[in-house]
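Data block below; observations after.
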Amino acid sequence: MTPPMEESARDLLVRIDERVKAIQIDIKDINETRSCASHGVKIRNLERMVWGCLAGLAGLGVRIIYSAIR
């Protein structure tokens, strides 16, 4: 890339980063004003299920690799 192109790309990335941060702040504000206890419990349970499945898959993968090496 030529120096002017690198500078314009850097400027574009900075603007995109600023927009993303502004959107994240807006979403955080919306989530704080619209929080619902039952939704929090459901989301927490879903997160636990996902992490449990990932841990199970990781364990299965390690077991397969261990069996293949053995």
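The structure presented is a predicted model; accordingly, all values stated were derived computationally and were not measured.
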*asked:* Using a 4.5 Å cut-off between side-chain heavy atoms of Ile, Leu, Val, Met, Phe, Trp and Tyr, which other residues end up in the same hydrophobic cluster as Ile69?
replied: Ile65

Output a table of donor-acceptor pairs, distance under 3.5 Å, between side-chain atoms of residues 42-60 and any protein atom two or more places apart or on a different chain; print 'none' if there are none.
from  : atom 1 : to    : atom 2 : distance (Å)
Asn45 : ND2    : Val41 : O      : 3.4

Please list every donor-acceptor pair under 3.5 Å in which a side-chain atom of residues 7-15 meets a protein atom from a residue at least two apart or in another chain.
from : atom 1 : to   : atom 2 : distance (Å)
Ser8 : OG     : Pro4 : O      : 3.4
Ser8 : OG     : Met5 : O      : 2.9

*Sequence-distant partners of Ile23, side-chain contact (heavy atoms from CB on, under 4.5 Å), two or more places apart*: Ile27

*Identify, with sequence neighbours excluded, every residue that meets side-chain contact (heavy atoms from CB on, under 4.5 Å) alongside Asp29.*
Ile25, Glu32

*ILVMFWY cluster membership beyond Tyr66 - transitive side-chain contacts under 4.5 angstrom*: none

